[in-house]
K.L.:
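Let me give you the structure first, and then I'll get to my questions.
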Amino acid sequence: MDMPELPEVETVKKTLEKKLVGLTITGVEIFMPKIIRDPAPDKFAMEVTGNKISRLGRRGKYLLIHLTGEKVLIIHLRMTGRLVYSEPVDPLPRHTHVVFRLSNDRELRFIDMRQFGRVQLSTVRYLGQVKGLKDLGPEPLGEEFSRDFLRRELKRKRVRIKSLLLDQTFLAGLGNIYADEALHRARINPKRMACTLTPREIANLYRSIVEVLQEGIENRGTSIRDYVDGDGRTGSYQALLRAYNREGQKCLYCGTPIARLKVGGRSSYFCPACQKE
DNA sequence: AATCATCCCTGACCGC
DNA sequence: TGCGGTCAGGGATGAT
């Protein structure tokens with residue numbers, strides 16, 4: 001149940017760029033057509049084939065693989081998606097939906113048990129019009145995200161803070177794990193209405209968001225069940241989580257058992273003592 | 001415009 | 001052992 005969030009996608013990006021940049025995609029095999037969002041699978045395979053991988057990028061939870069000809073592969077792993085660089089002789093895992101053949105006789109595999117992930121081809125020119133990508137909020141580790149931004153935006157949001165942190169049009173890249181970790185670290189109850197946070201709480205939340213994402217990246221992501229990087233390796237941040245997935249275990253700040261409740265249909269782990277309503 | 005509900009999908013888990 | 005039901009959850013979509 002660990003969905004790739006910003007730190008996991010960043011780790012996939014870092015591991016894959018070492019292997020992929022400079023290689024040419026010599027062919028595409030599509031086993032599950034619905035995974036290809038646009039254009040139609042046949043056209044997708046044709047347009048991708050023959051192009052060299054120039055660089056990798058990331059925007060929120062989207063991984064971008066830039067190709068020659070100003071083309072860009074846009075990949076979202078959603079919940080259980082994996083993108084793994086492999087040898088063709090390695091047995092093809094179950095739920096492998098798309099395979100990109102590479103000019104060094106290796107391949108890049110898109111694997112996704114729940115079939116929620118999507119792959120799409122666009123161009124640099126049209127990136128600003130791609131659904132999902134175009135409405136993303138600022139990058140939490142970028143310059144546009146600041147304490148002032150948070151203060152300004154929270155003031156006018158009539159929604160629970162946990163739901164807002166998960167809203168990708170508000171801020172790009174947080175998912176359930178890092179949202180819960182940030183709120184716990186900032187000692188803010190997930191059900192609090194965004195507009196009621198005090199300046200002090202907002203400052204704490206800002207710092208907490210940046211910290212948990214940086215620590216997540218430093219530890220190569222969180223692997224609870226499914227997540228692996230581009231080399232097929234698990235991350236290690238799961239051992240450092242303080243709230244997420246720790247129901248019943250002691251809060252590391254005060255010893256109170258971590259509790260779980262639903263906020264906006266999503267489970268939220270929190271400390272009832274440190275994060276009072 | 002903002003907010004909420006539903007759906008997609010499989011495997012793990014639970015109770016009987 | 002097996003079976004059916006429930007849950008997990010990001011984001012697109014439609015409803016309010």
Side-chain angles (χ1 to χ4, degrees), chain A residues 1-12 31-38 58-64 74-83 92-98 110-120 122 127 129-140 152-183 190-196 209 213 216 221-228 238 241 243-248 258-270:
Chain A
M1 260 119 22
D2 45 322
M3 50 291 167
E5 306 179 24
L6 188 153
E8 289 74 36
V9 179
E10 181 66 21
T11 305
V12 172
F31 303 112
M32 175 81 70
K34 72 169 182 185
I35 299 295
I36 310 296
R37 205 168 124 103
D38 189 67
R58 181 191 56 75
R59 179 76 175 93
K61 303 178 196 172
Y62 290 83
L63 180 71
L64 307 175
I74 304 164
I75 297 168
H76 200 298
L77 302 172
R78 292 284 187 98
M79 314 270 305
T80 54
R82 299 174 166 195
L83 205 53
L92 211 60
R94 224 183 140 189
H95 309 300
T96 301
H97 304 315
V98 183
F110 178 87
I111 305 152
D112 188 359
M113 184 181 78
R114 292 195 189 160
Q115 307 169 22
F116 285 177
R118 289 294 180 267
V119 178
Q120 172 171 7
S122 186
L127 269 188
Q129 298 176 39
V130 172
K131 207 182 295 175
L133 209 51
K134 71 170 161 55
D135 299 317
L136 288 179
E139 281 294 319
R152 207 176 336 117
E153 292 295 315
L154 291 193
K155 204 167 16 176
R156 58 192 197 87
K157 295 291 187 183
R158 303 221 164 1
V159 64
R160 302 189 191 283
I161 186 63
K162 169 67 185 289
S163 302
L164 187 61
L165 293 181
L166 294 179
D167 180 353
Q168 303 299 297
T169 67
F170 171 71
L171 187 63
L174 284 182
N176 219 18
I177 298 175
Y178 295 94
D180 279 0
E181 290 299 307
L183 288 171
K191 291 180 101 165
R192 285 280 299 284
M193 295 302 283
C195 56
T196 68
I209 289 170
L213 292 175
T222 303
S223 295
I224 293 170
R225 177 163 290 159
D226 301 301
Y227 168 72
V228 293
Q238 61 279 4
L241 295 176
Y244 186 83
N245 208 30
R246 295 192 69 246
E247 186 179 15
I258 295 291
R260 173 152 80 143
L261 55 77
K262 292 263 183 193
V263 181
R266 296 286 182 257
S267 64
S268 294
Y269 297 87
F270 73 109

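A note on names: the letters A, B, ... follow the listed sequences, proteins ahead of strands, and every chain is numbered from 1.
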K.L.:
In whole angstrom, give the distance that lies between atom CZ of A:Phe170 and atom P of B:dT3.
P.N.:
11 Å
K.L.:
Roughly how many Å is it from CG in A:Asn245 to P in B:dA12, rounded to a whole number?
P.N.:
16 Å
K.L.:
Any heavy-atom pair between the side chains of A:Pro7 and A:Thr222 that's under 4.5 Å?
P.N.:
no
K.L.:
Any idea how A:Phe110 and A:His97 line up, ring-wise: parallel (<30°), tilted (30 to 60°), or perpendicular (>60°)?
P.N.:
tilted
K.L.:
Using whole Å, what does the distance between atom P of nucleotide B:dC9 and atom CG of A:Asp112 come to?
P.N.:
11 Å
K.L.:
With a cut-off of less than 4.0 Å, is there a side-chain N or O of A:Thr80 near OP1 or OP2 of B:dC9?
P.N.:
no
K.L.:
Within this structure, what is the NZ-to-C1' distance between A:Lys34 and B:dT10, rounded to whole angstrom?
P.N.:
11 Å
K.L.:
Grab the CZ-P distance between A:Arg118 and B:dC8 for me, whole Å please.
P.N.:
12 Å
K.L.:
Which residues pass the side-chain hydrogen bond (donor to acceptor under 3.5 Å, both in side chains) test with A:Lys34, not counting sequence neighbours?
P.N.:
A:Gln115
K.L.:
Please tell me which of the listed nucleotides, B:dC8, C:dA8, B:dT10, lies nearest to the side chain of A:Gln115?
P.N.:
B:dT10
K.L.:
Identify the two heavy atoms, one from A:Tyr269 and one from A:Ala243, that lie closest to each other, and give their separation to 0.1 Å.
P.N.:
CB-O, 3.2 Å
K.L.:
Look at A:Glu139 together with A:Arg59 and state whether they make a salt bridge at an N to O cut-off of under 4.0 Å.
P.N.:
yes
K.L.:
One character per nucleotide, please: for nucleotides 11-16 of chain C, 5' to 3', B when the base has a protein heavy atom closer than 4.0 Å, S when only the sugar-phosphate does, - otherwise.
P.N.:
BSS---
K.L.:
Write down the distance between CD1 (A:Ile224) and C1' (C:dG9), rounded to a whole number of angstrom.
P.N.:
12 Å
K.L.:
Contact between A:Leu183 and A:Phe270 at the side-chain level, heavy atoms closer than 4.5 Å - yes or no?
P.N.:
no
K.L.:
Near DNA chain C, counting only heavy atoms under 4.0 Å, which residues of residues 154-165 of chain A show up?
P.N.:
none
K.L.:
For the backbone of A:Asn245 and the side chain of A:Glu247, can you confirm whether one donor and one acceptor N or O come within less than 3.5 Å of each other?
P.N.:
no
K.L.:
Write down the distance between CZ (A:Arg114) and P (C:dC7), rounded to a whole number of angstrom.
P.N.:
14 Å
K.L.:
Work out which heavy atom in A:Ser163 is nearest to a heavy atom in A:Val263; give both atom names and the distance.
P.N.:
OG-CG1, 4.0 Å
K.L.:
Can you see which heavy atom on A:Leu174 is nearest to which on A:Glu5, and at what distance?
P.N.:
C-OE1, 3.9 Å
K.L.:
To the nearest angstrom, how far is A:Ile35 atom CD1 from C:dG10 atom P?
P.N.:
17 Å
